Amino acid sequence: LASLSMGAMPALQWGDRNVFEWLDYIATNIMLPVGGLFTALFAGWVIWRELQIQWHGEQTRSLATLWRRVLIGVLSPIAIGIILWNGLRG
């Protein structure tokens with residue numbers, strides 16, 4: 001369907017974009033940031049404790065470990081959310 005939007009069916013448009021441009025917009029500006037956001041949230045909040053116990057044998061409370069958790073679980077989702085917002089705005 002997307003390949004036909006360039007040649008055989010160029011009139012198949014919605015708004016100012018054809019089918020190929022809509023699929024590209026959805027994949028690039030919505031699906032990639034949402035996938036990254038869920039990955040960062042999963043890595044920072046769900047799997048963090050299990051991996052830390054596997055790596056160190058127990059939960060450590062060092063400054064480097066806290067900084068990594070804040071970076072992965074808080075700052076990365078915020079940055080990805082900003083990217084998603086800018087992609088949706090246009």
Side-chain angles (χ1 to χ4, degrees):
L1 185 64
S3 63
L4 292 176
S5 67
M6 294 293 187
M9 297 171 59
L12 188 61
Q13 291 190 349
W14 190 51
D16 60 341
R17 295 182 173 129
N18 61 20
V19 176
F20 180 76
E21 290 170 346
W22 275 110
L23 292 175
D24 179 52
Y25 175 79
I26 290 170
T28 305
N29 294 325
I30 298 172
M31 293 175 72
L32 282 173
V34 167
L37 181 67
F38 285 140
T39 302
L41 289 172
F42 180 76
W45 296 102
V46 176
I47 200 77
W48 181 262
R49 287 188 191 101
E50 288 82 7
L51 287 178
Q52 189 176 3
I53 290 170
Q54 284 181 0
W55 290 338
H56 302 292
E58 60 185 42
Q59 283 190 325
T60 58
R61 299 281 182 199
S62 69
L63 185 62
T65 303
L66 177 66
W67 176 246
R68 275 188 228 117
R69 176 125 191 221
V70 167
L71 190 65
I72 294 171
V74 177
L75 294 178
S76 294
I78 290 172
I80 294 169
I82 291 169
I83 292 169
L84 178 64
W85 178 255
N86 286 333
L88 290 176
R89 283 191 330 168

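Every value quoted in this text rests on a predicted model; they were computed, and no experiment measured them. Because only heavy atoms are used, hydrogens play no part in the values below, and waters and symmetry mates are left out as well, while side chains stay in.
Panel note: side chain Trp45, backbone Gly73; a donor-acceptor pair is recorded below 3.5 Å. At least one donor-acceptor pair closer than 3.5 Å links the side chain of Ser76 to the backbone N or O of Leu71. Under the 3.5 Å distance criterion, the side-chain polar atoms of Arg69 are left unmatched by any main-chain donor or acceptor of Trp48.
How far CG of Asp16 is from CH2 of Trp22: 7.0 Å, rounded to the nearest 0.5 Å. Atom CG of Asn29 sits about 12.5 Å away from atom CZ of Arg89, to the nearest 0.5 Å. A distance of 12.5 Å separates CD1 of Ile72 from CZ of Phe42, quoted to the nearest 0.5 Å.
In the hydrophobic cluster analysis, where Ile, Leu, Val, Met, Phe, Trp and Tyr join through side-chain heavy atoms closer than 4.5 angstrom, Ile82 is grouped together with Ile80.
Every side chain to side chain contact (heavy atoms under 4.5 Å, CB included) that Asp24 has, sequence neighbours left out, goes to Thr28. With sequence neighbours excluded, the residues forming a side chain to side chain contact (heavy atoms under 4.5 Å, CB included) with Leu88 are Tyr25, Ile30, Leu84, listed by chain and number.
Shortest non-hydrogen contact noted between Pro33 and Ile83 is CG-CG2, 4.5 Å. Taking both residues in full, the closest heavy atoms of Leu41 and Pro77 are given as CD2-CG, 3.7 Å, listed atom of the first, atom of the second, then distance.
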